[in-house]
Amino acid sequence: MASLRQRKGGKGSKETVLETPSQRFNPPLEHPEKPSDGVWTWKNVLWVAIGWIVAISLGLLCCIYVATLHENDLWFSNIKWVTFECSRQDVHDLATRQPDMNIRKRGLSRLRSYSGISHDLSDEGLSGERGHLRASEREKDSQKRSGPSDPPPWRTTAVMATGLVSAVVTGLAHAWCVYSIHENLLWFSHLHEVEREISFRTECGLYYSYYKQMLRAPSFQQGLSELISDNTTESKRTINLLQRMNIHQEVFLAVLYRVLPIQAYLEPVYFYIYTVFSLQAVYVIALFIIGWLLSGSWLAGVLSGVWYILNRVDTTRVEFTISLRENWSLPFFALQVAAITCYLRPHLNTIQQKVVVWLMFLATFLFCLTWQFNQFILLIQALVVFSLDAVDLISTEQVTCLYLVQVSGLLSVWLLQFCNSMILGSLVLSFIVAALFVKHFQKGLKSGGLAARLGKLLLHTFLVLTLTFTINYLAKRALQLRSDEHIFKFIKSKFGLGPTRDFDASLYLCEEAFGLLPLNTFERLAETLLAYPYLVTVAVLLALLMMVALANLCESAAGGQLLPKGVCEERPTCIRSDVAYNLLHTVFFGLLALSTMRMKYLWTGHMCVFASYGVCGKELWSLFLNMIRCNTKMKLRLIRYMVPLVILGFLYYKFWPKLMAEVSELREFYDPDTVELMTWISSKTPKKAVFAGSMQLLAGIKLCTGRVLTNHPHYEDQALRERTRQVYQIYARRSPEEVHAILREAGADYVVMEDSICYERRHRRGCRLRDLLDLANGHIMDGPGENPPDLVPASHPRFCESIKTDDPVCTSLFTRVFQNKTFHVYKLKKSKKRPKAVEDKTQ
């Protein structure tokens, strides 16, 4: 097992054991503790970022100030064209003819406007008094727009600027935290290149290898051509990596690094990890904005950001899995949720709606482009939209727009991924097509009595789901699509709906990350005071949502005129559309996280946002103050500001020392066995040699040595999954002849055996890799314990054990060429007729 140990002179003595079988962490290297040459430190980046923030903030403040003066002097937003359009020359002529135009205070006197421009569209206003706006109308409109107690523009500008600066500072604080933890745990700046590459574990190394490959290509065109026609990732096959995998971000970063004049100052690996850590800052900023939009207070954004940082164990794992696809995509997903929240807010004008819709599309497109599991996340989001539409909480136009944004994003990615059939066969596309089709043809869905309305709603849901599965089944049959088959096998097996011995499904089911969410997660979340306001907020708003949904159904049943969406002031019970969306969003993704622990990272970030909304929003506190009969505007404002400040003070007092201790803890990454293996492969084997072994190790071999692989961790291909199962027979009870034939069929020249897999103890019996292979092959498992009655004893010993005994059969087919404490490498001999002595012995 690998371990992290303290550096010499570091604080503490605790040793951490990592669950990566092929990596080891040993005592520190003797290196001077200073950054390597040619590397920007995070401190430099932070100061440059702060400088840019200050400069941009000052510029924005100046722009807002000038725009406010222009608006307040002319009331420009209320000037409208009436009878004709005026060209620029006409405006110039009018301005030169009327130099004595007066600008007076609103509501006190008439404002003389240009000829042909009037706020009053009546015939009287257009004849005689054309160009005049009545003071009484101006006064009423002004009071309606701003209100008698609204703060002055300078105060609104100051609050906006303070909130934006706080959002950026909070995001940078999180980025600095994860960078510092990554650097201090691994001592990344002092590692050699091969050690840095080894630290990209499992599939992270595979993705980073394509970034490295693009940088080493003689030209961008040749690098792109090598990715489109790749024959090194899977032996004896040529695949289009841009179609198979979501690696457009690696291509983009490689091109950007080659174009920008930073090669002399920043190493490629630092450019890569700084980009990922910067995206984490964007993620926190997006969460900040969502909390601000929901509650109306930027204190909610600060609180959500602080909660996200303090609950880092449950909100992110970026410091250990830098190039994992979710670390690229989740920031864009949070931006998309922020855009949806803004889109569902009331009182948006046409231009604002168009801007927000384009932002939604851009965020959806980038989210789908950077993660292969985007379709399942968007399916849950589509179910949220479907639920809101069913109870009349959003309009038909909004429903259609949200659906079309998802479809447009997916189809755009489909084009960029060279018409990837997995996207066309996705459930979310089938669901959206079915929902829009049934909604268009099922007339009178929202009419009739309450019982009739409920019956129609159930029928509508049944039709949509039935049509969804029908379309999806036909699409997969037409496209011959089996890429995502393992995911549905996993879901069926997890809930007892399918066979439990399937090898692909068992690989997921036996991993702790794909099990149920542990109860100690809630203990950690409660320790930071996150769980309590979150649960209260969700419980209260769910009850309110059900009341509002029932009221909407009853109003439509009574034939009453529904109030415009988002208008809550005129209803005794109401819930805003943006709040309702985020409520169902957190509930749906919470259920997903409870069922699968790895999916908690989709939930915990939004959990921070929704808890901060409950603390800083008006709705819950107004309800509470109404219950105790002391609801006044002053008390509401006081409690909305005091409670989050008290919580922030408590979190600072209790967790700031712990956070600083965690950030400053010095450890070191050192893995001599893997370094020795990679060095031997690079120097002692041909560049076109093909290696077989575990998926996790082979990803590192490709990154560090560039050798050809038989299989790899990107599991979204049926043929690759079958080959992986065949290659893993090296850990099963199979004869040497069978294993040799399997490896030769895959094109392997060398096979790497790992003791940590052959003698695995990390998983319980029945979940060890050798047990999964025995079950799939129908053999009795090792060790004491029960076995299913249909299993039979194997006729051969376990291959990974027998090959070490120098058995004549094994030595005639395999030659050991490398060995250390962790790895054993064997070279495959060409097939030939077995010696007569061996044949007699086997008989």
Side-chain angles (χ1 to χ4, degrees), residues 1-3 17-24 201-203 486 489-490 493-494 496 498-516 518 596-598 673-674 692-700 710-713 715 720-736 738-739 742-743 751-805 821-824 826:
M1 297 295 288
S3 62
V17 177
L18 300 182
E19 295 184 352
T20 306
S22 61
Q23 297 182 352
R24 300 157 69 92
R201 300 196 292 267
T202 64
E203 60 184 296
H486 63 299
K489 286 182 179 179
F490 160 72
S493 299
K494 187 176 183 66
T500 57
R501 289 191 192 177
D502 182 80
F503 179 76
D504 297 327
S506 298
L507 279 179
Y508 289 99
L509 288 172
C510 287
E511 289 296 329
E512 184 182 1
F514 293 93
L516 298 177
T596 307
M597 187 182 73
R598 186 177 177 180
D673 290 345
T674 307
S694 67
M695 295 184 291
Q696 294 79 8
L697 179 63
L698 291 183
T710 57
N711 52 304
H712 53 81
Y715 219 48
L720 176 66
R721 292 195 295 271
E722 179 58 29
R723 175 181 281 190
T724 299
R725 190 178 69 84
Q726 291 296 325
V727 170
Y728 275 5
Q729 298 301 315
I730 60 178
Y731 298 108
R733 298 178 183 272
R734 302 293 289 269
S735 67
E738 290 176 310
V739 173
I742 289 172
L743 295 178
V751 57
V752 184
M753 314 286 289
E754 301 173 64
D755 289 343
S756 57
I757 298 179
C758 188
Y759 306 107
E760 181 185 0
R761 297 179 181 178
R762 184 168 66 96
H763 291 98
R764 59 180 172 81
R765 184 178 186 271
C767 271
R768 299 168 298 188
L769 179 60
R770 62 179 185 267
D771 295 336
L772 300 182
L773 292 166
D774 289 340
L775 288 172
N777 295 336
H779 296 157
I780 294 176
M781 296 180 289
D782 288 341
E786 296 183 358
N787 291 281
D790 59 327
L791 299 183
V792 298
S795 57
H796 300 281
R798 197 166 302 280
F799 176 76
C800 62
E801 297 174 354
S802 64
I803 196 173
K804 300 174 185 178
T805 63
K821 292 182 295 183
T822 306
F823 305 104
H824 303 264
Y826 296 88

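FYI, the numbering just counts along the sequence from 1.
Contact annotation: the side chain of L509 never approaches that of F514 to less than 4.5 Å [non-hydrogen atoms, C-beta and beyond]. Inter-residue side-chain proximity for Y715 and E203 is flagged as unmet; no heavy-atom pair is nearer than 4.5 Å. You'll find the side chain of L772 reaches within 4.5 Å of the side chain of C510, heavy atoms only. Contact check for M695 versus N711: side-chain heavy atoms found under the 4.5 Å cut-off.
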Please step through salt bridge (Lys or Arg N to Asp or Glu O under 4.0 Å) for the pair R798 and D774, ending with a clear verdict. CA-CA 10 Å; R798 197 166 302 280; D774 289 340; 2.8 Å; yes
Evaluate the side chain to side chain contact (heavy atoms under 4.5 Å, CB included) criterion for residues F503 and H486: first the C-alpha distance (whole Å), next the side-chain angles of each, then the deciding distance (0.1 Å), finally the verdict. CA-CA 9 Å; F503 179 76; H486 63 299; over 6 Å; no
For side chain to side chain contact (heavy atoms under 4.5 Å, CB included), just list the numbers for R768 and H763, CA-CA rounded to whole Å, side-chain angles, deciding distance to a tenth of an Å, and then say yes or no. CA-CA 5 Å; R768 299 168 298 188; H763 291 98; 4.2 Å; yes
Derivation and outcome, side chain to side chain contact (heavy atoms under 4.5 Å, CB included), residues L775 and S506: CA-CA 10 Å; L775 288 172; S506 298; over 6 Å; no
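Separation of atoms OH (Y731) and CE (M753) is listed at 5.5 Å; rounding is to 0.5 Å. The CG atom of L743 sits 10.0 Å away from the CD atom of Q726 when rounded to the nearest 0.5 Å. With values rounded to the nearest 0.5 angstrom, M597 atom CE is found 9.5 Å from E511 atom CD. For the atom pair CZ (R201) and OG1 (T674), the distance works out to 11.5 Å, reported to the nearest 0.5 Å. The distance from atom CG of D502 to atom OH of Y508, rounded to the nearest 0.5 Å, is 11.0 Å. Distance check: D755 CG to E801 CD gives 10.0 Å after rounding to the nearest 0.5 Å.
Across all non-hydrogen atoms, the minimal contact from D771 to R764 is OD2-O, 4.2 Å. The minimum heavy-atom distance between I757 and S694, with the atom names listed, is CD1-CB, 3.7 Å. Of all heavy-atom pairs spanning Y728 and L773, the tightest one is O-CD1, 2.9 Å.
For R765 and N787, the side-chain atoms include at least one donor-acceptor pair closer than 3.5 Å. A donor-acceptor contact under 3.5 angstrom links the side chains of N777 and Q729, judged on distance only.
Using modelled atom types, one side-chain atom of R770 and one backbone atom of C758 make a donor-acceptor pair closer than 3.5 Å.
Of the options V727, I730, V739, T710, a side chain to side chain contact (heavy atoms under 4.5 Å, CB included) to V751 is made by I730 and by none of the others.
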